[in-house]
Amino acid sequence: MKLSIIDKYIAKELLIACLSVLFILLIIVLSTEVVHLLSWVSEGAIPFSALLAYLTNSMFEFTVVLMPLSLLMGVLIAFGRLYRDSEMAAMMSAGIGPLQWYRPLMMVAIPTTVLLLLLMLFARPMITLQRAQIAAEIQSQAEVDSLMVGQFNRASKGGVLFLESASESSKAIDSVFVQQQDEGNNHVDLAASTESYFNEDGRRYMMMNDGTHYVGDAGEADFKIIKYKEYGVHIADKQVQAHVSEKSRSMTELWHSVEPKDQAELQWRFALPIATIIVAFMALPLSQTDPRSGRYAKLALALVLYLVYSNFLGIGKTWIVQQKVPLWVGTWWVHLIAIIFTVYLLKRSGYLIGLGNKRAGVQSGT
């Protein structure tokens, strides 16, 4: 099939608009995610070294979710500009009507749908499993290994730790402050330095040197002050297994599973790609605007329709998990409603009849 210059031109406009929208949306959501992850780092929930891995993982997840929305908005913006600049009127005066616009639209929509399907079926489970493994590795890491020097660290069992500075000549940390509650009593340790070591049995200890231990509250009768030369604290090993959810299961595992969560996940992996191709057709009549109106006059309507569509898909998935609908109904009823509504829009805008050129020309002011 030989592509015309008009096909290539419209397809290029669509591709640029879709990629631009996807890039902008990713910048917005990733900015929020960075702030969220940095708050985790500051609280000591994750080490700074895991920040990039979490951010990369989040970028992939957001990309998958935003692809249908980016395609919808990209089609609206691209075709809306062509209508606004009267380029559509010029094309129709040359005998190129709305029925010929499906080809450049499908040149962008079909590869996007196929790519999203491959990501949902194969790449997304691996990324989800990788995130679970990163979380398990962080939880298995000894708490002292994730402490940050120069700031207050929150202990997992309550309390606060502050490490002033790390020694350049050794692995020791200078000036340590530890505060914790034990059996209702307040315990505070001030040590000149601390370092970790392994004994002959392979057990790990944190040795605090030249310190003072305070028990209780100052001014009370049971307040104690204990000075010590060395004080060892045993560091217990933690082994946390990665949590494998239905999102990280392979297609084979989901297909042979009878669990409602697995069946819901299986349908969800097909739901987004199907929704992508449907919203591409839906965006075509929604992009039809009058040259005297705003370029993005129907953008708000399209966003509302997409939010309704995506929320109903989420409801359908929840109903599968709760076993409120049979599996053969699943989320397919949502797609059926969307297809019927899309056909109505296409027919109403003249995209399904031979008079499409004339009707679109009247709406474009020609």
Side-chain angles (χ1 to χ4, degrees), residues 25 29 32-33 36-37 40 45 54 57-72 112-136 139 240-283 301-345:
L25 292 178
V29 296
T32 305
E33 184 69 5
H36 183 62
L37 291 176
W40 281 7
Y54 267 100
N57 192 283
S58 299
M59 182 177 66
F60 173 83
E61 291 185 354
F62 288 138
T63 301
V64 171
V65 174
L66 293 174
M67 284 179 68
L69 179 59
S70 300
L71 179 62
L72 172 64
T112 302
T113 302
V114 173
L115 175 61
L116 182 58
L117 179 62
L118 294 176
L119 292 176
M120 291 292 293
L121 295 183
F122 304 107
R124 182 170 174 264
M126 293 188 295
I127 296 297
T128 305
L129 180 60
Q130 182 188 33
R131 190 182 186 95
Q133 291 173 344
I134 294 174
Q139 294 177 14
V240 180
Q241 297 295 328
H243 174 65
V244 180
S245 64
E246 67 277 1
K247 294 181 180 180
S248 58
R249 299 185 187 278
S250 65
M251 286 296 298
T252 304
E253 293 174 329
L254 294 178
W255 185 267
H256 292 93
S257 175
V258 295
E259 292 294 328
K261 287 186 178 181
D262 294 339
Q263 293 297 321
E265 175 63 22
L266 179 63
Q267 291 202 21
W268 182 254
R269 294 187 186 181
F270 291 98
L272 281 183
I274 294 174
T276 302
I277 196 68
I278 293 176
V279 298
F281 280 99
M282 188 185 299
L301 174 61
L303 290 176
V304 171
L305 291 175
Y306 178 79
L307 290 176
V308 172
Y309 189 7
S310 60
N311 285 335
F312 271 111
L313 286 176
I315 292 174
K317 181 181 178 181
T318 303
W319 283 355
I320 297 176
V321 175
Q322 297 175 351
Q323 298 183 334
K324 291 184 177 180
V325 295
L327 292 177
W328 65 270
V329 174
T331 58
W332 305 115
W333 61 274
V334 184
H335 298 305
L336 181 60
I337 294 175
I339 291 174
I340 294 174
F341 182 72
T342 301
V343 171
Y344 166 76
L345 290 178

What side-chain donor-acceptor pairs closer than 3.5 Å can you find for residues 332-339, not counting sequence neighbours?
| residue | atom | partner | partner atom | Å |
| --- | --- | --- | --- | --- |
| W333 | NE1 | G330 | O | 2.9 |
| H335 | ND1 | Y309 | OH | 2.7 |

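- For I127, the side-chain contact (heavy atoms from CB on, under 4.5 Å) test picks out N57, F60, Q130, with sequence neighbours left out.
- The structure places CG of L66 at 11.0 Å from CG of L116, a figure rounded to the nearest 0.5 Å.
- Contact annotation: the side chain of M251 approaches that of L266 to within less than 4.5 Å [non-hydrogen atoms, C-beta and beyond].
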Discussion item. Determine whether M67 and T276 satisfy the following criterion, side-chain contact (heavy atoms from CB on, under 4.5 Å), listing intermediate values before the conclusion.
Written reply: CA-CA 8 Å; M67 284 179 68; T276 302; 5.6 Å; no
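- A donor-acceptor pair is defined here as one N or O able to donate and one able to accept, closer than 3.5 Å; no such pair exists between the side chain of S257 and the backbone of E253.
- From W268, atom CH2 reaches atom CE of M120 across 7.0 Å, with rounding to the nearest 0.5 Å.
- Counting only distance, with no hydrogens or angles, the side chain of H36 and the backbone of T32 share no donor-acceptor pair below 3.5 Å.
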Fill in: Step-by-step side-chain contact (heavy atoms from CB on, under 4.5 Å) determination, W319 to V329
CA-CA 10 Å; W319 283 355; V329 174; over 6 Å; no
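- Separation of atoms CG (L119) and CG (L272) is listed at 11.0 Å; rounding is to 0.5 Å.
- Nearest approach of L313 to T331, heavy atoms of both residues: O-CG2, 3.9 Å.
- Applying the salt bridge (charged side-chain N to carboxylate O under 4.0 Å, His left out) test to residues at least two apart or on different chains, the pairs with a partner in residues 258-276 are R124-E265, R249-D262, E265-R269, E265-K317.
- Here the CD1 atom belonging to I320 is positioned 12.5 Å from the CD1 atom belonging to I315, to the nearest 0.5 angstrom.
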Discussion item. Pair L71, I277 - check side-chain contact (heavy atoms from CB on, under 4.5 Å), show working.
Written reply: CA-CA 9 Å; L71 179 62; I277 196 68; over 6 Å; no
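- In this structure, CD in E61 is found 8.5 Å from CD in E33, a value given to the nearest 0.5 Å.
- Here the straight-line distance linking atom OG of S245 with atom CZ of R131 works out to 11.5 Å at 0.5 Å rounding.
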